[in-house]
Amino acid sequence: MLTIKNLHAAVDGKEILKGLDLEVPEGEVHAVMGPNGSGKSTLAHVLAGRPGYSITAGTVLFKGRDLLALSPEERAREGVFLGFQYPVEIPGVNNVYLLKAAVNAARKHRGLPEVDAFEFLTLVREKMRLMRMDESMLSRGVNEGFSGGEKKRNEILQMLVLEPALALLDETDSGLDIDALKVVASGVNTLRAPNRSMVLVTHYQRLLEHIVPDRVHVLVKGRIVRSGDRTLALELERRGYDWLMGEAA
Amino acid sequence: MSAALLTRLQEEYGAVRAALPESVTAAGRRREALETLCAQGLPATREENWRYTNLRVLERARFAPVQDPAGTLPALPEPLEGFARYVFVDGQLRSSAAAPHGVTVRSLRSQGAAGAGWEFAAELPEARLALLNEAFATDAVSIEVPAESAACGIELVFVAAAAAQHGASYPRVRLALQSGARLSVVERHIGAADCASLVNSAVRVELAANAHLTHYRLQHCGARAAWFDTLAAQLGAEAHYELLAVGTGALTARSSVHARLAGAGAQFTLSAAALGEGPQSQDMYALSEHLAARTRTLETFRGIASGRSRVAFNGKIAVRESARGTDSRQSLRGLLDGPEAEIDLRPQLEIYTDEVRCSHGATAGKLDENMLFYLLSRGLAPEVAGHLLKWAFLEDVIARIGLADLRRQIELGLAGQLSEAATLKELL
């Protein structure tokens with residue numbers, strides 16, 4: 001699904017990713033963990049195509065295609081979804097409109113007709129119940145006045161509706177209380193499927209108690225320095241990141 | 001502005017004055033208005049309050065009015081339920097409706113004399129173009145609402161159908177609400193798409209104590225038109241004048257608004273949005289003059305300039321000595337969309353008394369990159385995302401349009417692809 005080789009990326013001339021390798025096979029959930037400033041969010045944003053990053057070396061293949069050659073909107077339509085660490089508030093653009101525009105953009109890309117308005121709303125309402133979100137949020141501005149937890153739920157709601165092939169969830173657990181964390185995790189878990197891959201970028205192990213990853217990678221100073229199964233996350237929880245810092249040098 | 005232009009103006013007046021209807025404005029009054037205008041001179045861009053207006057169009061204009069409006073009309077907007085519609089072509093009444101109960105609506109060309117209450121010059125500092133209107137107007141509509149009248153609606157549609165070489169059009173309106181009366185007015189200015197018309201409108205608003213007027217002004221003239229406008233409002237005690245203006249049309253548009261809050265507790269709410277594209281210029285000057293105690297101004301402007309357009313808003317709040325307890329708020333924001341676009345926002349405060357609360361904010365910037373990326377990351381095309389964000393930017397003004405049908409029309413006009421959103425809202 002996703003193959004990253006020797007990825008180097010810089011912001012304002014400062015190199016953040018320094019030769020990152022990562023392979024996420026179809027159907028698997030991988031966690032990328034690491035200390036602050038290790039490049040986790042940069043990785044997520046580079047994959048989603050955020051402007052402002054310069055890719056100085058390396059390749060990224062998504063379903064066998066060169067992901068870096070695609071614009072952000074093309075990546076989204078091809079099935080890449082970024083769940084933001086800090087979802088943006090857009091007053092005046094309502095949630096349901098954005099959801100529908102997003103679904104239709106992807107459908108058009110695949111040569112499908114626009115979604116039927118009634119069926120679409122039925123689907124959205126069903127997903128909202130799963131995320132325990134109040135229906136009134138649909139007619140509000142995108143993330144406008146939402147609490148931190150509501151914003152994260154809204155990200156997952158969008159993911160559930162869009163059903164991406166590759167979900168990149170950037171610190172989706174940050175700022176969530178334990179109840180919200182469970183709701184978000186159950187939302188993510190319902191989307192696990194043999195034809196779908198996920199990359200969870202996280203700082204802490206606690207999210208991984210609820211979403212059990214197939215693989216865990218440790219990102220330090222712009223490179224993956226250690227990979228393992230879920231027990232690696234438990235080890236990190238116990239020992240912190242210090243013992244791996246030397247391996248990045 | 002050159003002497004030659006004023007000479008031409010007088011010559012044009014001389015050539016048509018005999019044909020100008022006495023019932024709209026008496027000949028003596030017309031002459032007086034023209035003399036005052038010639039003495040003061042036409043506005044010029046070297047003047048502070050006119051520096052963002054494209055006045056060159058006046059140099060080429062024919063000032064004499066269209067005498068016999070003819071020609072085919074562009075499609076009129078959908079009628080609004082509960083609003084009596086009056087259509088004016090090149091300034092003259094073409095079709096009318098039954099006035100709401102108790103309300104008097106008169107076209108002065110056909111029904112009687114102007115009487116008092118139409119003059120502008122006395123108190124409005126930027127009334128020169130209203131004087132031009134006074135000299136040349138071929139019709140005027142007078143709307144009078146008796147005391148304590150229940151809310152009702154009137155729609156005025158001004159169509160500019162003639163090209164400038166055939167003459168200008170001079171819409172002329174007087175809205176007078178007696179004490180406690182309520183009225184909603186929708187005033188539209190439209191025109192043929194390819195018609196380089198010159199429109200110069202003048203509107204007087206008088207609100208007696210406790211009267212409440214909601215006034216929607218929509219300017220979407222044709223892309224080659226020049227639209228000038230002067231509006232003067234006088235507010236009595238506890239009166240509320242709610243003015244919502246949306247300007248998207250014309251090559252050159254300039255509106256001068258002067259609200260005099262003369263009675264204690266009067267309130268003026270101005271919400272304006274302007275969109276400039278291509279070579280357009282959209283300019284608005286608003287003076288809110290506080291003359292009495294506890295008066296209040298709420299001013300919101302949102303402007304978007306794309307292409308090489310220029311969008312300007314000059315909002316001045318003047319608080320006179322007699323206006324203790326004044327509360328005024330200005331929020332002016334501009335969005336620049338393109339390296340050649342220009343936004344000019346000027347909030348001004350002039351305060352001559354104590355015990356007032358006046359706040360103002362003015363910001364101009366580009367589209368928020370975080371918002372833009374968020375929308376792109378959901379698969380939206382860059383042009384759709386940009387359109388949505390512009391749309392959202394205007395929401396502070398558009399959301400205040402209380403008439404759902406009218407808001408829908410404006411929304412659809414501003415962003416065709418958002419029609420689906422409206423359908424979805426209904427299903428919720």
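Letters go in sequence order (proteins before strands), and every chain restarts at 1.
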Quick one: does Ile90(A)'s side chain get under 4.5 Å of Asp368(B)'s, heavy atoms only? no

So for atom CD, which belongs to Gln348(B), do other residues, nucleotides or ligands contribute more than 12 heavy atoms lying within a distance under 6.0 Å? yes

Identify the two heavy atoms, one from Leu388(B) and one from Val93(A), that lie closest to each other, and give their separation to 0.1 Å. O-CG2, 3.6 Å

Are Tyr86(A) and Asn370(B) packed together at the side-chain level, in the sense that at least one heavy-atom pair is separated by less than 4.5 angstrom? no

Which atom pair, heavy atoms only, marks the closest approach of Ala105(A) to Gly379(B)? CB-O, 3.2 Å

Shortest non-hydrogen contact from Ser377(B) to Ala76(A)? O-CB, 3.3 Å

Counting only heavy atoms from other residues, nucleotides and ligands, does the tally under 6.0 Å from CG of Asn195(A) exceed 12? yes

Please look at Val103(A) and chain B and tell me whether the side chain, the backbone, both or neither of the residue comes under 4.5 angstrom of a heavy atom of that chain. neither

Tell me which of these, Pro72(A), Pro164(A), Gly141(A), has more heavy-atom pairs under 4.5 Å with chain B than the rest. Pro72(A)

When Leu162(A), Val88(A), Val80(A) are compared by non-hydrogen pairs under 4.5 Å with chain B, the top option: Val88(A)

Distance check, rounded to the nearest 0.5 Å: Arg378(B) atom CZ versus Met159(A) atom CE? 10.5 Å

Go through the atoms of Ala106(A) and report whether side chain, backbone, both or neither lie under 4.5 Å from a heavy atom of chain B. neither

Flag side-chain contact, heavy atom, 4.5 Å: Pro91(A) against Glu395(B): no

Between Glu74(A) and chain B, which part of the residue has a heavy atom less than 4.5 Å away: side chain, backbone, both or neither? neither

Mind checking the CD-OH spacing from Glu155(A) to Tyr374(B)? Nearest 0.5 Å is all I need. 3.5 Å

So which part of Arg75(A) gets closer than 4.5 Å to some heavy atom of chain B, the side chain, the backbone, both or neither? neither

If you count the non-hydrogen atoms of other residues, nucleotides and ligands that lie under 6.0 Å from CD in Glu89(A), is the total more than 12? yes

Asn143(A) portion near chain B, given a 4.5 angstrom heavy-atom threshold: side chain

Checking Leu82(A) against chain B: side chain, backbone, both or neither under 4.5 Å from a heavy atom? both

